[in-house]
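Structure record follows, encoded as structure tokens.
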Amino acid sequence: MAARILRVNMTKLQTEWQNFPEKYKMLGGRGLTSRIVADEVPPTCHPLSPANKLIVAPGLLGGTTAPQSGRISIGGKSPLTGGVKESNAGGVIAQKLASLGIRAVVVEGEAPAGELYVLEIEENDTRLRRADDLAGKGCYEATDAIWDRYDTKAGVVIIGPAGEMRLTAAGISVTDPNGSPGRFAGRGGLGALMGAKGLKAIVVLTDKTFAAPYHDEKRFKAAAKRFVEVLRKNPVSGQTLPAFGTNGLVNVINEAGALPTRNFRDGRFEGAEKVSGERMAQLIKERGGKTGHPCHPGCVIKCSNIYNDKNGDVLVSPLEYETVWALGPHCGIDDLDAIAFMNRLCNDIGVDTIETGGAIGVAMEAGVLPFGDAQGAIELVKEIKKGTPLGRIIGSGAAVTGQVFGVRRVGVVKKQHITAYDPRSVKGMGVTYATSPMGADHTAGYSVTVNILRQGGYVDPLTAAGQVDISRNLQVATAVIDNLGLCIFIAFSFLEQEDSLGLLLEMINSKTGSRWTEADFTRLGEEILQTERYFNRRAGFSEAHDRLPDFFAEEKLPPHDVVFDVTPAELNTLFNFRQEVRKDAGKAASLR
Amino acid sequence: MQVKLRVYASLAEDTGMDVADNYGFQIEPGTTVSQLLQEAGINQRDVRIVMINNKQADLDTEVRDGDEIGVFPSMGGA
Ligand code: SF4
């Protein structure tokens, strides 16, 4: 089956197959979404304009037997940041698209005012179907309605009311193997972009999961099998993540004095243990939920979980660290059930949990409600669905909330909220937040590994020295992992087990017929970042945007009483790659 | 000398200690983290992260009177 792109024009209500361009051969996932954004989206367009494009792309290894290869990248010009955006999710959609030979779905234009559509994709057929019956429906109800309609197991990409309202904290949900809409391409307001297109959902109708083509299938499968062993042997991916999920981090980051508490006032939260991964795992066990749950077939790490309420009914899946932090310690809330309930509400409304928690913390700072008020926070989240003015403010994220309420202490970079590591006491993360073309994004270069977790070396998290180099290396490597469509948690083996990189290269080469070496791997990562920077520059971003909010350099964070002191001059060196930097990476020669 | 020890994740499961609780230990001056772990019945090969008073430390760091020590196995996430 030849590789192809599905073009969807919402203005003309037409779809069209396009042969996959040779020049994009080695691109997938984030590499592909960012490249198409740079090639096709006018950098200065309004993110909600018909000229912006929503791009959904499985990774280069999507639909193969490589473990962890089911991640989906969704890209476009971000309604939240105004820059390039790739938001990454799990779920079943990447494998289904890749198995149909679809390397990307590119949606442009906008549907006639007031009309809402579902895009149905089958192997040899596509349809845009009116979906006015789904208007205003939450992601759970709307996904159920879609599942009821088709007898095959549909993969669903969907927005909630927040996306339809075009709120800048709106995310895009992807269904997991149980048909639950909990996998979110949450960050950067891409739900608003999908809403502006008049597209409620994309439904992929196929049972195929591992049907992507290979250059050399036998070689590939041998390498994939060995990679599974590597992941199982690694103590993080083999033991800790399945047992405690990502939420195992609460106690670590709190013990390190780096858990941002009550809108960045403290690095320690007195209620940390009550919302920790250990506590969560115990509650899950008592209530008949599940730990060690995979977000897509072929995940062998299984960091996901199913969290039940007190009555043993499913509340949310998964409950993750960043969400727990944003709706918990950041707001001074220590009630895990309240946090899980808000997570469900956010999933249903279709808003990013991190941005929403960030905004609620800022509203608490402003005195709209007190820190620690779980019930008040729940009511605020419900306001978003109602579309009240207050709900729309919260649903527009922390930067807007801070602006409306006159709050200065707002932890955003490029208008996107910082996540669960205070940049003053995990300085490598501060560098990533400041410089990532995505805005504050912990996954873009997860320096916590080296600063706190002692994986892949150690650099003191409290000193500025060496942090730029760590962040640079991780940002380059992460861009490639995102290009391949692999879950970021393979990085723990990557940092510690020498055979990992060789196996990845073997999979890349036997999948595509290329002869990549480590140097190509690095070059691809650098080119992806340059492409993203090139787009951002033309969209009006400069070095002045690669900075943390100034309060991080002025206010000391307890318990270490430190400020963020990586200098602007040092931050400016982040993109000084070893290899010659291409002046014009957006037009760079294609990767072979 | 009096110090407090906190254990997390699988270390708590393995030892039957409660997660994040402060366990008091009476120790001699010059005791290292490693020796403290031995006294607490924790296999130091299972320990990857050591923090003393919220700062990163090592197994051979000497503990001082009043220190609070937190220990973890290999941890990860994002
Ligand atoms: S490890 Fe977690 S995030 Fe990664 S693929 Fe598995 S369930 Fe999804």
Side-chain angles (χ1 to χ4, degrees), chain A residues 234-241 243-258 267-268 272-274 276-279 281-282 301 303 320-322 419-421 425 442-443 446 448-449 451-455 458-462 478 487-489 491-492 495-496 558-560, chain B residues 2-25 27 32-34 36-37 39-78:
Chain A
N234 181 284
V236 176
S237 52
Q239 289 155 28
T240 307
L241 281 171
F244 304 106
T246 56
N247 206 30
L249 288 172
V250 169
N251 281 327
V252 188
I253 305 304
N254 187 52
E255 192 66 62
R268 304 257 303 154
E273 195 279 321
K274 287 164 107 180
S276 68
E278 291 93 326
R279 179 67 73 99
Q282 185 195 338
I301 299 176
C303 80
E320 288 204 76
Y321 173 58
E322 306 295 339
T419 59
Y421 319 88
S425 41
H442 60 287
T443 65
Y446 193 63
V448 176
T449 47
N451 279 172
I452 306 282
L453 303 174
R454 300 220 169 199
Q455 302 279 333
Y458 172 65
V459 170
D460 183 351
L462 301 175
T478 303
C487 162
I488 187 84
F489 298 141
F492 290 102
L495 291 165
E496 293 278 305
H560 300 302
Chain B
Q2 176 80 21
V3 297
K4 288 177 188 159
L5 177 67
R6 295 189 282 266
V7 303
Y8 295 96
S10 59
L11 300 178
E13 277 169 15
D14 295 348
T15 56
M17 294 161 85
D18 286 330
V19 173
D21 268 10
N22 285 310
Y23 287 86
F25 283 86
I27 53 163
T32 63
V33 171
S34 178
L36 173 67
L37 292 178
E39 190 160 329
I42 296 168
N43 188 342
Q44 61 174 356
R45 266 180 316 197
D46 297 336
V47 174
R48 185 64 180 254
I49 305 167
V50 177
M51 287 186 232
I52 301 183
N53 305 328
N54 308 121
K55 282 197 174 148
Q56 296 270 341
D58 295 299
L59 286 171
D60 51 17
T61 308
E62 275 185 26
V63 287
R64 286 168 307 184
D65 191 32
D67 275 353
E68 298 190 11
I69 300 111
V71 287
F72 295 85
S74 285
M75 298 297 292

Which answer fits [X], side chain, backbone, both or neither, if we ask what part of it has an atom under 4.5 Å from a heavy atom of chain B?
X: I301(A); value: neither
X: A256(A); value: both
X: Q282(A); value: neither
X: V448(A); value: neither
X: N451(A); value: backbone
X: N254(A); value: backbone
X: Q455(A); value: both

| task | Answer yes or no: is there a side-chain heavy-atom contact under 4.5 Å between R48(B) and L453(A)? | result | no
| said: If you define the side chain from C-beta out and look only at heavy atoms, does anything of V19(B) sit under 4.5 Å from R279(A)? | reply: no
| message | Given heavy-atom pairs under 4.5 angstrom as the criterion, report whether the side chain, backbone, both or neither of E13(B) touches chain A. | response | side chain
| field | Side chain / backbone / both / neither for D58(B) at chain A, heavy atoms under 4.5 Å | value | side chain
Taking all non-hydrogen atoms of both residues, which atom of [X] and which atom of [Y] are closest, and how far apart?
X: Q56(B); Y: Y458(A); value: CB-OH, 3.1 Å
X: T240(A); Y: M75(B); value: CG2-SD, 3.6 Å
X: S74(B); Y: V236(A); value: CB-CG2, 3.9 Å

| Max heavy-atom pair count under 4.5 Å with chain A, selected residue of S10(B), A9(B), A20(B) | A9(B)
| field | chain B interface, residue from I452(A), I488(A), T419(A), T443(A) that has the most non-hydrogen pairs under 4.5 Å | value | I452(A)
| request: Between chain B and each of Q239(A), R268(A), H442(A), count heavy-atom pairs under 4.5 Å; write down the option with the most. | output: R268(A)
| Does H560(A) use its side chain to pair, donor to acceptor, with the backbone of K55(B) at less than 3.5 Å? | no
| message | Quick check for you: to the nearest 0.5 Å, what is the distance between I49(B) atom CD1 and N251(A) atom CG? | response | 11.5 Å
| field | Donor + acceptor pair across side chains of Y8(B), E255(A) (<3.5 Å) | value | yes
